[in-house]
Amino acid sequence: MNNTTNGVMKNGTENLCRILENAKLNPENAKRDDYISWEEYFMAVTIATSHRSKDPATQVGCVLVNEDNHVVGAGYNGFPNGISDDEYPWGKQSENPLETKYTYVVHAEMNAIMNATARQLKNCRLYTTRFPCNECAKLIIQARIGEIIYLDDKEEQWQSQAARKMFDTARIPTRKYQKTGRKIVIEL
Ligand SMILES: O=c1ccn([C@H]2C[C@H](O)[C@@H](COP(=O)(O)O)O2)c(=O)[nH]1
Ligand SMILES: [Zn+2]
C-alpha cells in the first residue's frame, strides 16, 4: 500500500486513524484488551517466585522492579548457597536455636537484593508476598528502594511493626496490593 502523500511520509496520526478504522471494520485486527496490568503481572511473578521456597510453613516471594518496569531481581526464602535443605532444619520450635530454620534461612527480600542484576536499586519498587521484617527493612532502606507493595501483612508481629516504623521514618511508602479478582491459570 502506498504510504506517502505527495512524496511525504504520512504522519503518525493518519496512520493511527487508518489502524483504528481497520480494526473497526475487521475486529480480527484489534489487539486483545483483557491483558493483565503491570501491577497484576508483577504480583503474579512474585507469587510464582514464592513457589520455589522449600519452607514447609511459609513461602515468601519478592521481586524488584525498576523505573522502566523491568524486573531486576527476584528471591524467595531459603537456606544460603551450599547449605543442604536436607541437612538443616525446617522446623520452627526447639530449645536449641541451632535446630530451627530461623537461624539459617535467608529471607526472600534479602535474596532479591543480593541476586539483583542492577547495582543501583534506588527507586525500584519491591513486590513481596508478605510485609518485610525489621532485618529486611534495614537492607531495603539502605538499598534506597522507593516503594513496598505487599500481599499480606503480619501486623501482629513486632518484626513487622519495627519495619513499618523504620519505613515511615525513612519515608518509604508501603501499600497493600489491591486484589482485582483476576485469575490466571498456568499449567506446568
Ligand atoms: O521478611 C521476611 C520474613 C520472613 N521470611 C521467611 C523466613 C521464614 O522462612 C518464613 C517465616 O516463617 P514462619 O513459619 O512464618 O515463622 O518467612 C521472609 O522471607 N521475609
Ligand atoms: Zn525479613
Side-chain angles (χ1 to χ4, degrees), residues 39-66 70-179 186 188:
E39 196 76 347
E40 289 169 325
Y41 169 65
F42 293 128
M43 193 47 86
V45 176
T46 307
I47 293 168
T49 303
S50 74
H51 284 257
R52 279 288 306 153
S53 176
K54 294 173 191 115
D55 187 329
T58 307
Q59 302 81 43
V60 186
C62 179
V63 164
L64 296 167
V65 179
N66 73 11
H70 295 162
V71 172
V72 293
Y76 55 89
N77 51 329
F79 292 144
N81 288 333
I83 305 293
S84 165
D85 288 292
D86 300 318
E87 289 165 28
Y88 278 67
W90 274 116
K92 294 185 185 207
Q93 279 168 351
S94 168
E95 280 173 15
N96 183 354
L98 296 180
E99 287 169 7
T100 79
K101 63 179 176 180
Y102 300 110
T103 306
Y104 308 105
V105 74
V106 184
H107 291 187
E109 299 87 332
M110 295 176 183
N111 271 326
I113 291 171
M114 292 301 297
N115 296 341
T117 51
R119 237 167 42 86
Q120 281 287 342
L121 298 177
K122 194 173 177 184
N123 293 333
C124 279
R125 305 196 298 285
L126 182 147
Y127 289 82
T128 177
T129 54
R130 79 172 249 169
F131 195 81
C133 74
N134 58 311
E135 292 301 329
C136 292
K138 290 187 254 180
L139 283 187
I140 291 166
I141 294 168
Q142 291 307 80
R144 305 216 181 322
I145 283 163
E147 189 181 12
I148 320 287
I149 301 104
Y150 59 93
L151 194 59
D152 284 324
D153 207 344
K154 296 278 172 196
E155 277 169 37
E156 71 288 356
Q157 295 188 352
W158 66 262
Q159 292 91 337
S160 305
Q161 291 166 15
R164 190 172 286 286
K165 187 173 171 177
M166 285 190 276
F167 289 143
D168 287 348
T169 309
R171 294 204 169 80
I172 298 182
T174 64
R175 68 183 158 84
K176 194 170 168 63
Y177 172 79
Q178 295 302 315
K179 288 190 179 174
I186 305 173
L188 300 170

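Note that the structure is a prediction, hence the values are computed from the model and not measured. All ligand and atom numbering here is 1-based and tracks the order in the structure.
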Please report which non-hydrogen protein atom sits nearest to [atom], along with the residue it belongs to and the distance in Å to one decimal place.
atom: atom 19 (O) of ligand 1; value: Ala108 N, 2.9 Å
atom: atom 16 (O) of ligand 1; value: Tyr102 OH, 2.5 Å
atom: atom 8 (C) of ligand 1; value: Asp55 OD2, 3.5 Å
atom: atom 15 (O) of ligand 1; value: Thr58 OG1, 2.6 Å

What part of [X], side chain from CB on, backbone N/CA/C/O, both or neither, has a heavy atom under 4.0 Å from ligand 1?
X: Ala57; value: side chain
X: Tyr76; value: neither
X: Lys92; value: side chain
X: Glu135; value: neither
X: Cys133; value: both

Can you confirm whether [X] is buried at [atom1], in the sense that more than 12 heavy atoms of other residues, nucleotides or ligands lie under 6.0 Å from that atom?
X: Arg175; atom1: CZ; result: yes
X: Lys176; atom1: NZ; result: yes
X: Tyr88; atom1: OH; result: no
X: Gln93; atom1: CD; result: no
X: Asp85; atom1: CG; result: yes
X: Arg164; atom1: CZ; result: yes
X: Tyr41; atom1: OH; result: no

What atoms of ligand 1 come closer than 4.0 angstrom to any heavy atom of [X]?
X: Glu109; result: 1 (O), 2 (C), 18 (C), 19 (O), 20 (N)
X: Asn77; result: 6 (C), 8 (C), 9 (O), 10 (C), 17 (O), 19 (O)
X: Cys136; result: 1 (O)
X: Pro132; result: 1 (O)
X: Lys101; result: 12 (O), 13 (P), 14 (O)

So if I apply the side chain to side chain contact (heavy atoms under 4.5 Å, CB included) rule between Cys124 and each of Val65, Val72, Val71, which one comes out positive?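 Among Val65, Val72, Val71, the one meeting side chain to side chain contact (heavy atoms under 4.5 Å, CB included) with Cys124 is Val72.
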Out of His107, Met110, Gln157, whose heavy atom sits nearest atom 3 (C) of ligand 1?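 That would be His107.
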Residues Tyr76, His51; criterion side chain to side chain contact (heavy atoms under 4.5 Å, CB included); working and verdict: CA-CA 8 Å; Tyr76 55 89; His51 284 257; over 6 Å; no
How is the N/O/S atom of His107 that comes nearest to the Zn ion (ligand 2) named? ND1
Val106-ligand 1 polar pair, N/O distance under 3.5 Å: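 No: no nitrogen or oxygen of Val106 is under 3.5 Å from one in ligand 1.
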Full working for side chain to side chain contact (heavy atoms under 4.5 Å, CB included) between Lys92 and Thr100: CA-CA 5 Å; Lys92 294 185 185 207; Thr100 79; 6.0 Å; no
Min heavy-atom dist Gln159 to ligand 1 below 4.0 Å: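 Distance cut 4.0 Å: Gln159 fails for ligand 1.
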Could you walk me through whether Tyr104 and Leu98 pass the side chain to side chain contact (heavy atoms under 4.5 Å, CB included) check? CA-CA 8 Å; Tyr104 308 105; Leu98 296 180; 3.6 Å; yes
